[in-house]
Q: 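The following block contains the structure, expressed as structure tokens.
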Number of protein chains: 2
Amino acid sequence: MAEAEAKVLPEATVARLTHYLRALNALEAQGLERTSSGVLAKEAGVNPAILRKDLSWLGSYGTRGVGYVVRELAEHINNTLGLNRDWRVLILGAGNLGRALSGYAGFAIRGFKVQAILDVDPAMIGSRVGQLQVEDSRDLASVVEREEINIAVLAVPGQAAQDLIYELSDLGVNSVLSFAPKPLVVPRGMNVRRVDLSTELQILAYLAVQS
Amino acid sequence: MAEAEAKVLPEATVARLTHYLRALNALEAQGLERTSSGVLAKEAGVNPAILRKDLSWLGSYGTRGVGYVVRELAEHINNTLGLNRDWRVLILGAGNLGRALSGYAGFAIRGFKVQAILDVDPAMIGSRVGQLQVEDSRDLASVVEREEINIAVLAVPGQAAQDLIYELSDLGVNSVLSFAPKPLVVPRGMNVRRVDLSTELQILAYLAVQS
DNA sequence: GGCTGTGAACTCATTCACAGCT
DNA sequence: AGCTGTGAATGAGTTCACAGCC
């Protein structure tokens, strides 16, 4: 029953949809009511053909010869991405990164709310981070239940991240954003996205050497 | 002369090479001198076939029937990625994220050194961040020269990031890691990698809805 | 005439499967 | 016999190019 279903949209398409959303918001802020794949693609930094192909996954929301209605299209993408409801986020790890993430403007996107932040370090527990107070990692289960957490962010070292993935899975938190430098073994049914800063820097080093 | 040359390795391969490096270090720490594509692939979280294909780009460093010498292979990947020298990093933006990044353990990878951190906000300038003092963004050119910066990290809002890209390009800093939520227009010859936290969260929301 | 929606062509990346060396 | 290195097969993702509708 609670089995993970097949993904409907290619992941690359989903990533671009978020860019179209931002672009549509920018156009709306400029007072535009209608737009075309050319204009929108430019604003989103992609090529118009793939934009149209991406949108075609959602159905026909444009008008041939005319274009798209900005607000209508934005609304439709919002619904498709599941952004028409609230997501309650838990941050694990109250070090530099965890603290920064809990305050980071990018997390203040409509619909995402950081509900709690946990750490294992007794010296850290109880300290303030923005509106929140750092809680004890050992209370993970009760915090998840109390705050009805949907999404966890792992800002902890590699091995701790791997251990937490299993705990979170058991607690029914199936969506995780991990900053651990190590690729994690992911339990069935769980969705994990990784942001790997050290890999990004190393890729830049390689590219710099090439040029 | 200073034209960017064609990339030699596929970008996906470069990204995985960094994982092999980490995996090799882990194996070496366990005291292993030799390994095989199967063992290494498992540690790195990839399939053995693509690991061998990736390594074949670097030449033949394994022995058929035997495997790879851990230290030798690690050294070779290091050289290929340009990690056998120092990279001097500048952080632009001393907000939550910029400060966290300058202290983040992931940045302490051998060879990457944060040399300076800048901000536009007068209230921020002069404050301490770890070993560093926040300097004035208007001094960008002189800081880049003084610290011989190779890599810049953009931890500033969208439009500021776009403006800075051009300035950095003019100053000869051709490698940039951007945390701005907006895809940037990249001047010729410049290498930009993006980390987009809001996109990652939105993708997680989508995946959560699917499952 | 203009712009969408989409099949077909193409490019890029991964996996398979096996020849070749030790 | 065992494990690498790699051509061939497959799959995923992007771009092209145009038919179809306004």
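Labels below follow one simple rule: chain letters A, B, ... track the order of the sequence lines, proteins then strands, and each chain is numbered from 1.
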Q: Should the pair A/E28-A/R71 be classified as a salt bridge under the 4.0 Å nitrogen-to-oxygen rule?
A: yes

Q: With a 4.0 Å cut-off, would you call A/E11 and A/R193 a salt bridge?
A: yes

Q: Rounded to whole Å, how long is the line connecting atom CZ of A/R52 with atom P of D/dA19?
A: 15 Å

Q: Considering only NZ, NE, NH1 and NH2 on the basic side and carboxylate oxygens on the acidic side, decide whether B/E135 and B/R146 come within less than 4.0 Å.
A: yes

Q: Nearest-Å distance, CD1 (A/I50) to C1' (D/dT14)?
A: 5 Å

Q: In whole angstroms, how far is the C1' atom of D/dC3 from the CG atom of B/L51?
A: 12 Å

Q: Given atom CZ of B/R64 and atom P of D/dC3, what is their separation to the nearest angstrom?
A: 14 Å

Q: Starting at CD1 of B/I151, measure out to CD of A/E200 and round the result to the nearest 0.5 Å.
A: 11.5 Å

Q: Is the backbone N or O of A/G82 less than 3.5 Å from a side-chain atom of A/W87, with the two atoms forming a donor-acceptor pair by type?
A: yes

Q: Quick test: give all pairs of protein nitrogen or oxygen and nucleotides 8-12 of chain D nitrogen or oxygen below 3.5 Å, distance rounded to 0.1 Å.
A:
{"residue": "D/dA8", "atom": "N6", "partner": "B/K53", "partner atom": "NZ", "Å": "3.3"}

Q: Provide, to the nearest angstrom, the distance between the CZ atom belonging to A/R16 and the C1' atom belonging to D/dG13.
A: 8 Å

Q: Is B/Y206 reaching over with its side chain to a backbone N or O of A/L9, donor-acceptor style, under 3.5 angstrom?
A: yes

Q: Can you list, in residue-number order, the parts of residues 29-47 of chain B that come under 4.0 Å of DNA chain C, counting heavy atoms only?
A: B/N47

Q: Could you check B/S56 against A/G65 and say which one's nearest nucleotide on DNA chain D is further toward the 5' end?
A: B/S56

Q: When you list every nucleotide of DNA chain C with an atom under 4.0 Å from a heavy atom of chain A, which one comes first 5' to 3', and which comes last?
A: C/dG2 to C/dA8

Q: About how many Å separate CZ of A/F112 and OG of B/S198, when rounded to the nearest 0.5 Å?
A: 8.5 Å

Q: How would you list, by chain and number, every residue that makes a ring pair (Phe, Tyr, Trp, His ring centres under 6.0 Å) with A/Y61, sequence neighbours excluded?
A: A/H76

Q: Judged by atom type as modelled, is there a donor-acceptor pair below 3.5 Å linking the side chain of B/R194 to the main-chain atoms of B/S178?
A: no

Q: Kindly state each residue pair satisfying ring-ring contact (aromatic ring centres under 6.0 Å, His included) with at least one member in residues 24-58 of chain B, sequence neighbours excluded.
A: none

Q: Measure the distance from CG on B/L73 to C1' on D/dC3 and round it to the nearest whole Å.
A: 14 Å

Q: For A/D119, what residues pass the salt bridge (charged side-chain N to carboxylate O under 4.0 Å, His left out) criterion, not counting sequence neighbours?
A: none

Q: Given D/dT14, D/dC16, D/dC3, which nucleotide is nearest the side-chain atoms of A/A49?
A: D/dC16

